[in-house]
Number of protein chains: 2
Amino acid sequence: MEKFLPILQKTKLFAGLTEQEIFSMLGCLDAKTGVYQRGSAVLSRGDTVNRLAILLEGALHIQRDDYWGKRSLLSRIAPGELFGEAYIASESGVFLNDVIAVEDSTVIFFDVSKILTTCTSACLFHTLVVRNLFFALSEKNRRLVRKLDYLSGHSIRERLISYLSDEAGRQGSGSFSIPFNRQQLAEFLSVDRSALSKELCKMRDEGLLEFEKNRFKLL
Amino acid sequence: MEKFLPILQKTKLFAGLTEQEIFSMLGCLDAKTGVYQRGSAVLSRGDTVNRLAILLEGALHIQRDDYWGKRSLLSRIAPGELFGEAYIASESGVFLNDVIAVEDSTVIFFDVSKILTTCTSACLFHTLVVRNLFFALSEKNRRLVRKLDYLSGHSIRERLISYLSDEAGRQGSGSFSIPFNRQQLAEFLSVDRSALSKELCKMRDEGLLEFEKNRFKLL
DNA sequence: GAAAATCGGTTGTTTTTGCAACGGAAAAGA
DNA sequence: TCTTTTCCGTTGCAAAAACAACCGATTTTC
């Protein structure tokens, strides 16, 4: 557990705490880590979730397959990001999606209710963590709204433009790479892969952008 | 301000507090109310938001018009619901959508940072409000994920089914009414109104549902 | 109560998207 | 290195959705 302290210190949740303070909270939060091989499930649809999770190493996809096997890719989780936060406070707590490790991954789980319920040891950093938790949730919220924006696009081109220009802004450059291959990007934007491919090439031919593999350049 | 205490008491944010306790917090949170006529803007794209808002009376639409005047309806806010929560914790704090009063509305704004920063009067109910805030944000989060689900549908029919069956579940009956007219429902689901109308009638002819105006019955 | 605006269903046409299948290039695995 | 798998662009066709325009009914406004 100790070896993850430097990583935890960089997360939004524990921002501003010393390694020592984080360490003392881990016990209080009943922290448990899990290791997942590439391709295995971290959480599955129907699981009861009552813990907050943070990805320490690797990469995860939050996704869902419908009756016909059509897959929706809701979001990708990068190291330091938290997930499962939407369900811990729900009555049912039943998880509606699958969380899959797309790389070998390590995840840490917290019993977050311990932070929220009146803390017996009303320590100073508790207050800070609660504040951080609020910021993290708020940011997550913004992310979801952004994704809603992508999907509100009425055509493949609109969805692509809103997603790609957003990504360019986030990475601070018109030249950037995305964490998806074509199939995954199609699932992320809820469109057909071949139609996506067609549209991308059309946009390239029109001089709107350049790309090679998962690297893009907006013009 | 006092006349809104019974309404505030029913909100998620102040759940579990007495009217007296809420009243004493209003000053601490620097609460301010605003009254908006039907059709007027509560918040506009580009505004800097650093306050949490709760709708006390009326109804709001969070929406956005693109370059071509095409409107996306992100969500509808009912009395007691909070909004603006995504932006108060962001660096820029710049609001990306428009919030429009679709009925005469009253809104209350809070300086929520006051709850989060170390409270000089570390009162008991502060802790409770922070916990409530977390639950409220978490619920908002779930709502956004649900809407993402609707928009992930690959056809108008799929979007309709996921939205309508969700609404049926939420209202606990196969017979229910929705807070949108056809045009608004089309904007909410990001589809063309006439195509939506066509699909609805087709589904009715196939015996999947019945409807009249904004009242639906799933079969 | 008359005029104006909104609402929702309908139709026909155009455009876009989905789908299925193929093939070459690159990557992964043995 | 050779085989197998994955990736991604391409094509043709079928299906779906967007668009524009129209109309009767209802609602709103004055």
Side-chain angles (χ1 to χ4, degrees), chain A residues 37-39 61 66-73 100 102-104 150-164 177-206 208-216, chain B residues 37-39 61 66-73 100 102-104 150-164 177-206 208-216:
Chain A
Q37 281 200 322
R38 179 189 159 135
H61 279 185
D66 68 13
Y67 298 111
W68 300 275
K70 201 165 294 184
R71 174 168 297 167
S72 298
L73 179 41
I100 304 291
V102 288
E103 294 171 17
D104 290 348
Y150 309 153
L151 294 193
S152 298
H154 318 278
S155 62
I156 294 180
R157 175 169 300 208
E158 273 183 76
R159 295 190 186 188
L160 270 172
I161 289 177
S162 61
Y163 170 65
L164 291 177
S177 62
I178 64 172
F180 302 128
N181 63 29
R182 291 289 179 282
Q183 179 64 46
Q184 292 167 340
L185 181 59
E187 287 164 4
F188 183 71
L189 297 178
S190 280
V191 297
D192 179 72
R193 183 194 61 82
S194 77
L196 173 72
S197 196
K198 210 184 296 182
E199 191 61 34
L200 270 174
C201 293
K202 204 156 90 186
M203 289 167 77
R204 181 192 52 199
D205 295 344
E206 292 176 21
L208 292 174
L209 48 75
E210 290 170 4
F211 60 89
E212 200 214 319
K213 298 230 166 218
N214 66 340
R215 183 140 205 96
F216 290 80
Chain B
Q37 281 200 322
R38 180 189 158 136
H61 278 185
D66 68 14
Y67 299 109
W68 301 274
K70 201 166 293 186
R71 176 168 296 167
S72 298
L73 178 41
I100 304 292
V102 288
E103 295 171 17
D104 291 347
Y150 309 153
L151 294 193
S152 298
H154 319 277
S155 63
I156 294 181
R157 175 169 299 210
E158 272 183 77
R159 295 189 188 189
L160 270 172
I161 289 176
S162 62
Y163 170 64
L164 291 177
S177 60
I178 64 172
F180 301 128
N181 63 30
R182 291 289 178 284
Q183 179 63 47
Q184 293 167 339
L185 181 59
E187 288 163 3
F188 183 72
L189 297 178
S190 281
V191 298
D192 179 73
R193 183 193 60 82
S194 77
L196 173 71
S197 194
K198 208 184 296 181
E199 190 63 34
L200 271 174
C201 293
K202 204 156 90 185
M203 288 166 78
R204 181 191 52 199
D205 296 344
E206 292 176 21
L208 292 174
L209 49 75
E210 290 170 4
F211 61 89
E212 200 215 320
K213 299 227 165 220
N214 66 340
R215 183 138 205 97
F216 290 81

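Values in this document were obtained by computation on a predicted structure and should not be read as measured data. Here is the naming used below: chain letters follow the sequence lines, and residue numbers restart at 1 for every chain.
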| query | Rounded to whole angstroms, how far apart are CD on B:Gln184 and C1' on C:dT6? | reply | 12 Å
| field | Heavy-atom side-chain proximity of B:Phe211 to B:Cys201 below 4.5 angstrom | value | yes
| request: Please state how far atom CG in B:Leu196 lies from atom P in D:dC19, giving the value in whole angstrom units. | output: 14 Å
| query | D:dG9 C1' sits how many Å from A:Lys202 NZ, rounded? | reply | 15 Å
| query | Once you round it to whole Å, what is the distance between P of D:dA17 and CZ of A:Arg159? | reply | 12 Å
| Can you say whether the rings of A:Tyr163 and A:Phe180 are parallel (under 30°), tilted (30 to 60°) or perpendicular (over 60°)? | tilted
| said: Which nucleotide wins on minimum distance to the side chain of B:Arg193, given the candidates D:dA21, D:dA18, C:dG18? | reply: D:dA21
| task | Please report, rounded to the nearest Å, how far the P atom of D:dC7 is from the CZ atom of A:Phe211. | result | 17 Å
| message | Both B:Lys213 and A:Lys198 contact DNA chain D. Which one's nearest nucleotide lies toward the 5' end? | response | A:Lys198
| message | Need one value for B:Asn181: base, sugar-phosphate or nothing, where a base atom within 4.0 Å counts as base even if backbone is also close, heavy atoms only. | response | sugar-phosphate
| query | Reckon B:Ile156 touches a base, only the sugar-phosphate, or nothing at all at heavy-atom distances under 4.0 Å? | reply | sugar-phosphate
| query | For atom CZ of A:Arg38, is the number of surrounding heavy atoms from other residues, nucleotides or ligands below 6.0 Å larger than 12? | reply | no
| message | Among C:dC19, D:dC8, C:dG18, which nucleotide has an atom closest to any side-chain atom of A:Lys70? | response | C:dC19
| request: Choose from D:dG9, C:dG9, D:dA17 the nucleotide whose nearest atom is closest to any side-chain atom of B:Ser197. | output: C:dG9
| task | Give the rounded distance in Å between these two atoms: CG of A:Leu200 and C1' of D:dC8. | result | 11 Å
| task | For B:Arg38 and for B:His154, locate the closest nucleotide of DNA chain D by heavy-atom distance; then report the residue assigned to the nucleotide nearer the 5' terminus. | result | B:His154
| Looking only at side-chain N and O atoms, does A:Arg182 come under 4.0 Å of OP1 or OP2 in D:dG9? | yes
| field | Side-chain donor/acceptor of A:Ser194 to base of D:dC8, under 3.5 Å | value | no
| request: With heavy atoms under 4.0 Å as the rule, sort B:Ser155 into base, sugar-phosphate or nothing. | output: sugar-phosphate
| task | Rounded off to whole Å, could you give me the CD-to-P distance for the A:Glu212 and D:dC7 pair? | result | 16 Å
| request: Rounded off to whole Å, could you give me the CG-to-C1' distance for the B:Asn214 and C:dC7 pair? | output: 12 Å
| query | Can you tell me how far the CG atom of A:Leu200 sits from the CG atom of A:Leu208, to the nearest 0.5 Å? | reply | 10.5 Å
| Lys/Arg N to Asp/Glu carboxylate O, A:Glu199 vs A:Arg159, below 4.0 Å | no
